Structure formats: C-alpha cells, structure tokens
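Report on one structure; see the data block that follows.
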Amino acid sequence: MIVLATSDKGGTGRSVTTTNVAYRRALQGDDVCFLDFDFGSPTAGAILDVESVSRGIKMGTGLHSYLHGETAEPARIDVWRHAGWSGRRRPLGAGRLVLLPGDEGGGEFPVDAAMIERCRQLFLGLAEEFSIILVDLSAGRSYAAELVQEATSNLGSGGEAVRWLVFHRWTRQHILAAHGLVFGERGIVNNGVQLGIDREVMEDSIRFVRTAVQEPDSAQLSLLRPAQASWLQRCHEELLELAARRRLGRSMMIGAIPLDPVLQWREQIIRDLDVRSTQIANPETVAAFEDLASKLTQQNYWAAV
Amino acid sequence: MTGDSAPGPRPTLLLVEARTTLLRHSHAVNPDMAREILAFTPAASVRTTSRPLARAVSPDTVEGVYCRLPSAAGRRTDGIGTVASRGVLIGGRIALASSRTLIAAGRPGVPARRRGWFTHLANPGVLEQIGRADDDDLARGFTGPSRPGVLDLAAIASRLLDRVQAATMLDGTIPLRTARTRFRFAVHDVGPHGSAPSPSFTIDDAGVRTLVVHAALDAPEQLATLCEEIAAHDWLLTTMQRLVDGLDEPPARAGRIERIAPAVEQLLHLWMPGAHSEPELSWVWSALERRPGFSRQWASIVARIRNELDLSILRALSDGAEPTHQARLRREL
Ligand SMILES: Nc1ncnc2c1ncn2[C@@H]1O[C@H](COP(=O)(O)OP(=O)(O)O)[C@@H](O)[C@H]1O
Ligand SMILES: [Mg+2]
C-alpha cells in the first residue's frame with residue numbers, strides 16, 4: 001500500500017504525524033518505508049532524529065537526485081539503526097523502518113516523462129519489499145505532488161493500493177483550504193479523473209486527518225472562564241458544521257490527533273517511554289497515532305459510506 | 001582498421017553484479033510465459049531448461065560504457081567497452097538480473113578511446129583498461145562501498161530487473177514481501193592450470209554480499225551462471241531466514257501459519273545448489289558449503305518450519321479443529 005500525505009498549507013503537522021504513524025506501523029510489525037518528497041524542506045531526518053540527514057542527505061544520493069537520474073538508487077537509512085533515540089537495533093517484533101531522505105538543498109523542479117517513469121519504478125521496487133510506503137509530499141499543489149500522483153496512477157496490473165491522507169488544522173481557513181486541495185477545480189480528485197481514475201474510486205481513496213485538535217471538553221481547557229468555554233464550544237460546533245458541508249465530515253475523516261505539549265515544542269517521534277516513564281507526552285496522542293496507523297489498511301474506513 | 005579487431009590482451013578479472021527478487025506474480029510462471037517475459041530482443045531467443053529445475057535465461061543486452069573503474073586505492077583508471085546483462089527466471093518464481101564485464105589491459109597501438117565503438121561492441125562484455133591499477137585493487141574497489149561516477153554494474157542490473165518486473169504478462173501480485181538482494185562477484189584469472197586460493201564470502205553493513213573467487217576465465221558465461229545460481233540461493237536463504245526469525249518475536253502468534261504458507265508453497269522446493277553450474281565449478285559450491293555453510297543453514301530453516309507446522313497441527317487437533325491446511329503444507333517439506 002502506498003500512502004500519500006499532503007496538505008494545502010505548511011505547518012499543519014503533516015510531517016510530524018506521518019513520521020509518527022510510520023513509526024507506530026513498524027512497531028505493529030509491518031515493514032514500512034518513509035519517502036521524504038517535500039523537496040523544499042526535507043524534515044523527516046530531523047523528526048526521526050537521524051543526525052546525518054537532518055536537513056536531507058548531503059551526498060547527492062537522495063530522492064531528488066534519483067528522480068533527476070543522477071543516482072541509480074536513492075539512499076536508504078535504517079531508522080532503527082541510526083536514529084538518536086533508538087537502541088541501534090530493531091525492537092523485537094517490529095518490522096523494518098527505512099527512510100529514503102530528500103537531498104539537502106533540493107528544491108522544486110518541473111517534471112518530465114523520464115522522472116515520472118523513475119518515480120513509478122521506485123514505487124514498484126519498494127512494493128516488492130515493504131507493505132506500507134508512506135510518502136510525505138510538500139504543501140499545496142507542487143511538482144512533486146503532481147509527479148507522485150501521475151506515477152502512482154499507473155502502477156500496472158494488480159497494482160498497489162494508493163491512498164491519500166490530507167492533513168489540516170482545526171480552523172476555518174484550514175478546512176476551506178483542505179476542501180480546495182481535494183475537491184477544487186484543479187484538486188486531487190479532478191486530477192485523478194484526468195489521469196483515468198474513476199471519480200468514485202478517487203474519492204474513496206482520500207481521507208482527512210485533523211491535527212493539533214483541542215476538543216472543547218479536553219482537560220487542558222478545564223481552566224477556561226465560562227465565557228471562554230462556551231465561546232469555544234460554539235466555535236467547535238461551527239467548525240463541525242463547516243467541515244460537514246465541505247465534505248470533510250465524519251465519514252471522510254480518518255483521524256484526529258490531539259494537541260500535544262511535546263509536539264508543540266519540538267518536532268519528534270513520541271515513544272511509549274515519553275508517555276509512561278517521563279510522562280511528558282499525552283497517552284491520547286500515542287493512541288491517535290496508533291489508531292491512524294492501523295486504519296491505513298482497514299478497508300471499512302476507506303469504502304464509500 | 002583490421003589491426004583493431006585483433007584479439008587484445010587476455011582479460012584477467014571478471015566482475016559480476018546480481019540482483020535478485022521474487023517475481024511480481026501470484027504463482028510460478030510456466031516456461032512459455034518465462035520466455036515471453038525475458039524476450040527483450042525480438043530476434044534472439046530465450047534459453048530454457050526444465051531439469052532439475054526450470055530456468056530461463058534472456059539473451060544478453062549489451063551496453064557501452066566509458067567510465068572510471070573502481071580502484072580501492074583511488075587511482076585514476078578508466079575503462080572503455082561494454083557490459084553484458086541478462087535476466088534469469090528460476091523455478092518460474094525467482095527473478096534475477098546480472099551484469100558482467102571482463103577487465104582486460106589496454107591494447108598497444110591506437111588508444112582505446114580513439115577506436116570506434118564498433119570495435120568495442122565486437123567484444124561484448126569486455127572493458128579495456130586505460131591507466132594503471134592492478135586487479136586486486138580493482139576487485140577490492142568493486143566489492144567495497146560504491147562511489148559516484150564509477151562503473152556501476154548495480155545500476156545496470158537493477159534497471160534490467162525493473163524491466164523484468166514491469167512485464168505486462170505479470171499479474172502484479174506480491175505473495176510475500178522480500179527485499180532485493182545485492183550480490184557482487186569478482187573472479188580473478190588463474191589461467192587453465194593455476195592453483196586457486198579458496199573463495200571468500202562476506203556480507204557488509206549495507207547487506208551487500210561479496211564473493212571473491214580465483215578461477216580460469218576462459219568460460220565467463222559459465223562463471224556468470226554460477227554467480228547467478230549462488231545469488232539465487234543466497235536470496236532464498238536471506239528471505240527464509242528473515243521469515244523464521246520473525247516467528248520467534250512477540251506479537252505475532254496468530255497468523256504465523258499464514259505468514260509462512262506462501263514461502264512453503266512457493267519457495268522451499270527451489271533449493272537445489274549447483275543444479276545448473278558446470279561440474280568443473282562444483283568446488284566453489286563445496287567451499288560455500290564449508291563456509292558459511294549454505295545447506296546447513298537451509299536445513300535448520302526447514303527444521304524450524306517443520307516444527308512450527310507440527311506444533312500448529314497438534315494445537316489444532318487439541319482444539320478439535322481439522323488442520324488440513326497445515327497438513328498440506330507439512331507434506332511440502
Ligand atoms: N499534534 C500536535 N500537537 C502540537 N503540535 C503539533 C502537533 N503536530 C504537529 N505539531 C507541530 O506543528 C508544527 C508543524 O508541524 P509539521 O509536521 O512540520 O508540519 P508540516 O509538515 O505540515 O509543514 C511543528 O512544530 C510540529 O511540532
Ligand atoms: Mg513538513
């Protein structure tokens with residue numbers, strides 16, 4: 001399965017959520033690879049705490065170079081072995097967790113047919129090996145996003161399932177922007193239809209993830225003055241209604257990640273120990289990552305409702 | 001011009017890179033389909049053998065190269081000539097691509113780069129060396145970490161394997177996820193009567209396998225076949241070992257049989273070391289059996305699977321269930 005992570009705006013929490021989901025899914029026993037396709041700002045190395053690629057790889061062997069035909073095979077990094085927090089080896093029962101970093105100083109680029117073909121070959125090759133391929137795209141409509149959509153729309157017979165996660169924060173502007181990115185005139189759905197995919201199939205393959213959400217009844221908000229609390233409640237209800245009208249409602253939502261104090265301060269992987277022993281992160285955050293990780297492959301969350 | 005096509009100095013080193021994976025298909029393909037998959041060049045024919053195990057070999061595809069040679073000492077040595085590659089299907093199930101080239105010292109007279117490409121193409125799979133670097137240095141450079149801008153057999157083999165996997169007749173189903181293995185062979189020439197030090201086999205941090213052998217280079221094709229066969233068996237070992245290692249790790253008590261079933265049904269019977277290698281080369285297999293002990297490791301994997309199935313049959317029986325699936329798998333062993 002190929003999972004494409006996108007968002008209309010930057011700073012939504014797409015990269016942090018996707019890397020944590022990759023980590024959780026690998027812990028659940030699957031072989032997972034994570035592709036950093038956000039060429040403008042490759043952050044996966046930093047979030048995963050792999051020092052040598054914290055701003056992308058330096059040797060000209062990253063995904064950006066691969067797509068340009070400058071290296072025959074993009075570099076791979078075994079996260080279990082190289083992440084700062086890891087015990088240098090794969091935890092018992094976990095699957096592989098491999099990062100394909102972008103290049104330092106990569107940047108955006110126009111797409112040509114040769115790149116699409118390289119990208120397609122890359123996905124086909126990775127699918128032999130990994131059951132989950134997570135791709136962190138850049139924000140908005142980028143060349144990279146276009147490239148990946150075209151390459152994955154044409155994987156041949158029996159091809160891998162392709163699914164989209166669209167990240168947005170829980171605000172008015174973010175809801176409208178995410179709607180536009182998916183359902184707009186030049187949005188993901190129409191783009192897919194133009195590439196020969198059925199509209200219904202396309203819509204079934206897209207789900208939304210709300211990030212840094214504060215439910216009005218959350219413990220963090222218990223200190224609010226009554227006026228603030230009721231205003232917040234009203235806002236939340238308005239947003240629920242807006243989301244439903246813009247087709248980002250319950251049936252299209254596959255995850256909501258609560259606002260977490262650790263992630264607010266630092267982009268990182270949250271481990272069980274951050275919840276259980278040091279207690280700096282919230283258990284609800286980990287539960288939300290785990291939940292999203294396992295729903296990726298549960299068909300009932302993706303079929304039309 | 002005539003002087004140019006005269007045979008040059010005798011090659012003294014053979015470099016082979018093999019990439020191996022599971023064919024992207026739900027089940028083993030039959031020989032006809034194997035022929036179709038490997039028919040890269042319309043005119044040339046795919047060779048197939050069915051005994052003791054089905055094997056199909058594509059005709060060579062030849063690619064011209066002019067690049068630096070891999071010197072471990074960092075010497076500036078170029079090579080000009082061609083790399084020959086082919087696709088192989090084993091048991092209709094394992095897909096493999098190998099790229100090879102013989103390294104020969106430069107010919108006296110007209111410099112290699114001034115002679116037309118056709119003189120190089122007349123000698124497919126041979127690179128003429130420009131500049132100095134001894135074979136040991138080149139072999140160590142080739143089997144060491146790869147560097148940008150240097151002869152990249154891996155890239156050529158990998159593209160060819162992509163091509164095999166993209167064949168339109170394949171149904172695209174992946175019965176079990178397996179990693180592509182990377183195998184590099186360096187064969188030093190010992191001449192027809194030379195004595196050979198024993199082969200050395202290593203696996204580096206990145207998982208690249210390396211085998212350095214000393215043998216006569218007069219039949220490079222047979223050596224390529226040997227390399228391919230070793231690579232395929234190493235892939236089988238790697239794949240099965242990973243699978244049984246996973247059985248001992250926590251969460252997955254449930255679904256263990258489901259996880260080993262495709263491997264038992266589709267891969268176990270492919271173990272047949274030396275089946276397609278020339279008898280004169282069987283000593284290489286014997287050496288590998290002594291160290292690292294290919295068949296010993298295989299036997300322990302099979303024993304582990306047998307145990308797992310027996311346990312699962314017993315568990316099912318004591319639960320009052322009918323262990324038909326397990327029993328069927330058990331008969332494959
Ligand atoms: N659940 C969360 N709670 C609090 N902060 C978060 C959460 N998710 C992400 N963040 C923070 O939001 C910022 C943007 O996240 P990032 O993943 O880099 O966004 P994007 O990839 O969409 O640009 C980061 O500082 C990150 O730590
Ligand atoms: Mg990001």
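Only a predicted model underlies this, so the values are computations on that prediction, with no experimental measurement involved. Chain letters run A, B, ... following the sequence lines, proteins first and then strands; every chain starts at 1.
- If you measure heavy-atom distances from A:R90 to chain B, the contacts under 4.5 Å come from the side chain alone.
- Atom CD of A:E51 has 12 or fewer neighbouring heavy atoms from other residues, nucleotides or ligands inside a 6.0 Å radius.
- By the 6.0 Å contact criterion, CZ on A:R89 is open, its count of non-hydrogen atoms from other residues, nucleotides or ligands being 12 or less.
- Remark: A:F130 CZ to B:T178 OG1 distance equals 11.0 Å, nearest 0.5 Å.
- The part of B:L170 that comes within reach of chain A is its backbone (N, CA, C, O), which places non-hydrogen atoms under 4.5 angstrom from that chain.
- Looking only at side-chain heavy atoms (C-beta outward), B:R242 and A:D31 come within less than 4.5 Å of each other.
- Per-residue heavy-atom pair counts under 4.5 Å with chain B were compared for A:G95, A:S131, A:G60, A:A72, and the maximum is reached by A:S131.
- In terms of non-hydrogen atom pairs under 4.5 Å with chain A, the most contact-rich of B:A166, B:A155, B:A179 is B:A179.
- With hydrogens and angles disregarded, no donor-acceptor distance shorter than 3.5 Å links the side chain of B:R180 to the backbone of A:G125.
- Sparse packing is recorded around OH of A:Y143, with 12 or fewer heavy atoms of other residues, nucleotides or ligands lying under 6.0 Å away.
- Proximity to chain B is absent for every atom of A:E70, based on heavy atoms less than 4.5 angstrom apart.
- There is no contact between B:R147 and chain A, counting heavy-atom distances below 4.5 Å.
- At a heavy-atom cut-off of under 4.5 Å, chain A is reached by no residue from residues 73-91 of chain B.
- In this structure, the portion of B:D152 lying under 4.5 Å from any heavy atom of chain A is its side chain and not its backbone.
- Dense packing is recorded around CE of B:M169, with more than 12 heavy atoms of other residues, nucleotides or ligands lying under 6.0 Å away.
- Contacts of A:L155 with chain B are made by backbone atoms alone, with heavy-atom separations under 4.5 Å and no side-chain atom involved.
- If you measure heavy-atom distances from B:L161 to chain A, you find no contacts under 4.5 Å at all.
- When heavy atoms are compared at a cutoff of 4.5 Å, B:R163 does not approach chain A at all.
- Contact annotation for A:R81: only side-chain heavy atoms (C-beta onward) come within less than 4.5 Å of a heavy atom of chain B.
- Ion pair A:E73/B:R19 flagged as a salt bridge, since at least one NZ, NE, NH1 or NH2 atom sits closer than 4.0 Å to an Asp/Glu carboxylate oxygen.
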From CA spacing to verdict: side chain to side chain contact (heavy atoms under 4.5 Å, CB included), A:E128, B:L23: CA-CA 9 Å; A:E128 288 171 12; B:L23 192 64; over 6 Å; no
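- A salt bridge links A:E160 and B:R177; the closest N-O separation between the charged side-chain nitrogens and carboxylate oxygens is under 4.0 Å.
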